[in-house]
Number of protein chains: 2
Amino acid sequence: MTKKDAILQAATFLFARKGYKDTAMGELSKMTGAAEGTIFYHFKNKQEIFLAILRNLKDDILPEFERYRKVESEKTGLDMVEESISFYLYMTKTRENLFSILHQRYPYELAETNPECRDILEAIYNCFVDIFESAIISGQRDESIGDVPARKSALIVFSMVDSMVRFRMNNLYDVDALYNELIESCRRMLENRNNNQS
Amino acid sequence: MTKKDAILQAATFLFARKGYKDTAMGELSKMTGAAEGTIFYHFKNKQEIFLAILRNLKDDILPEFERYRKVESEKTGLDMVEESISFYLYMTKTRENLFSILHQRYPYELAETNPECRDILEAIYNCFVDIFESAIISGQRDESIGDVPARKSALIVFSMVDSMVRFRMNNLYDVDALYNELIESCRRMLENRNNNQS
DNA sequence: ATAAAAACCGACTGAGTACTCAGTCTAATT
DNA sequence: AATTAGACTGAGTACTCAGTCGGTTTTTAT
């Protein structure tokens with residue numbers, strides 16, 4: 001691994017664990033073995049490191065979500081919603097640091113002045129909501145899901161799942177204990193009542 | 001207003017707008033007209049100011065929520081859930097700064113080492129969830145709400161509403177446009193299907 | 001009126017910060 | 001062997017910050 005990559009990796013770890021502001025360049029230097037000067041040789045400032053992480057995050061996560069969304073499935077749309085929730089929670093577990101960064105204040109603060117940051121965040125969130133919307137639309141086609149506004153409902157499902165992730169990260173509630181009820185709630189929320197196939 | 005109160009008020013404003021770490025004691029001093037020494041005369045350090053704000057928040061918000069929860073209503077429990085959501089959103093609007101502080105990283109970080117902070121946060125969140133739980137239980141008594149686990153469902157409703165607040169604060173989505181769908185979703189999620197009274 | 005106590009002041013401190021820069025090292029090219 | 005260019009170094013710089021301290025003003029009690 002190049003030193004540049006090592007710096008990015010360590011920064012991802014530290015920004016996620018301690019936050020952007022609480023991470024000193026000195027720590028980054030110690031953790032990677034790179035001199036502080038080296039860090040600024042590769043990145044013109046601290047903010048640029050953060051943006052590089054966001055770019056990486058986008059390039060890592062978006063394709064995976066896109067790929068998942070396009071997989072043909074024989075399940076009903078309603079079941080696909082459940083699976084999408086499961087997939088999202090799985091992704092947050094395997095990429096804990098990245099999602100932790102997304103749940104901090106700094107990216108949104110930066111987005112207010114930095115259009116690139118704003119664009120990346122928008123792309124990421126749209127992608128998240130898309131997987132739920134796709135499932136809902138597919139469910140409306142196969143009549144497992146009722147006549148709800150697809151995008152808005154997808155946003156609501158996403159908001160529920162994202163809250164669970166936040167609960168977990170902030171040690172507020174035991175999310176595993178809520179998982180089943182979350183799924184059932186979404187089903188009740190979306191299912192087609194004129195269709196007694198389930 | 002005493003200088004101490006002015007300091008607390010300004011700190012609430014600044015912590016909410018700029019975050020804990022990004023708020024310098026110097027700003028606090030400028031904003032209140034109090035010398036920096038005065039601030040440390042009233043509070044032994046920055047963290048203590050934060051804790052004082054949290055204590056205030058608890059003493060301000062909890063009684064209001066408790067009072068609201070205990071109001072007898074002739075509405076169905078399902079309607080009360082809707083009203084509770086409305087009440088919560090109203091509270092977040094009238095106390096934007098306080099809720100903004102609750103949505104930051106610092107309180108949860110502090111909670112890991114400071115038991116008082118931990119206790120306050122727990123009390124606040126329990127209180128939030130309680131108003132939804134009360135409505136759900138009441139709805140199960142009057143049969144407007146189905147046989148769902150009350151506490152867990154309350155948590156899920158809360159998670160949805162709390163996400164809306166976060167969306168608003170981070171300028172991610174227009175929450176007003178989602179409000180109606182949020183209410184409808186909750187209704188579908190909770191309503192008693194064996195009861196066609198609505 | 002006087003003393004004691006509480007509130008307040010702001011210059012100061014020292015630790016920490018992001019970032020710079022003059023120069024070294026390494027490896028490829030001529 | 002000499003040159004060059006990119007990767008790297010770490011001491012140094014200018015600055016910010018939370019917190020201190022010696023002293024002054026204001027309030028309260030006697």
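The chains referred to below are lettered A, B, ... by the order of the sequence lines, with proteins before strands, and numbering in each begins at 1.
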Under 4.0 Å from any heavy atom of chain B: name the first and the last nucleotide of DNA chain C that qualifies, 5' to 3'.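 So the outermost contacting nucleotides come out as C:dA6 to C:dG10.
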
Contacts of B:D147 that satisfy side-chain contact (heavy atoms from CB on, under 4.5 Å) - sequence neighbours left out: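 Per chain and number, B:D147 pairs via side-chain contact (heavy atoms from CB on, under 4.5 Å) with no residue.
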
Applying ring-ring contact (aromatic ring centres under 6.0 Å, His included) between B:Y88 and each of B:Y68, B:F158, B:Y179, report the one that passes.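 Exactly one candidate clears the test, B:F158.
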
So among A:F128, A:Y125, A:Y90, which one has a ring-ring contact (aromatic ring centres under 6.0 Å, His included) with A:F65?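 Only one option passes, and that is A:F128.
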
Restricting to non-hydrogen atoms, name the atom on B:G77 and the atom on B:D142 that form the minimum distance, rounded to 0.1 Å.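 Closest heavy-atom pair between B:G77 and B:D142: N-OD2, 2.7 Å.
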
Closest nucleotide of DNA chain C for A:G26 versus for B:A34: which of these residues is on the 5' side?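 This one resolves to B:A34.
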
Taking the nucleotide of DNA chain C with the nearest heavy atom to each, does A:E27 or A:G37 sit closer to the 5' end?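 Here A:E27 is the residue nearer the 5' end.
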
So, taking the atom named CE in A:M164 and the one named CG in A:D176, what distance separates them when rounded to the nearest 0.5 Å?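 Output value for this atom pair is 11.5 Å.
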
Nearest-Å distance for atom pair [atom1]/[atom2], residues [X] and [N]:
X	N	atom1	atom2	value
B:E36	D:dT20	CD	P	12 Å
B:Y41	D:dG22	OH	C1'	16 Å
B:F40	D:dT20	CZ	C1'	9 Å

Who passes side-chain hydrogen bond (donor to acceptor under 3.5 Å, both in side chains) against B:E36, sequence neighbours left out?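 None.
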
So what does A:T32 touch, heavy atoms closer than 4.0 Å: a base, only the sugar-phosphate, or nothing?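 Here A:T32 touches no strand at all.
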
Look at all strands and tell whether A:K3 reaches a base, only sugar-phosphate, or nothing, counting heavy atoms closer than 4.0 Å.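 Sugar-phosphate contact only - A:K3 comes under 4.0 Å of backbone atoms but never of a base.
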
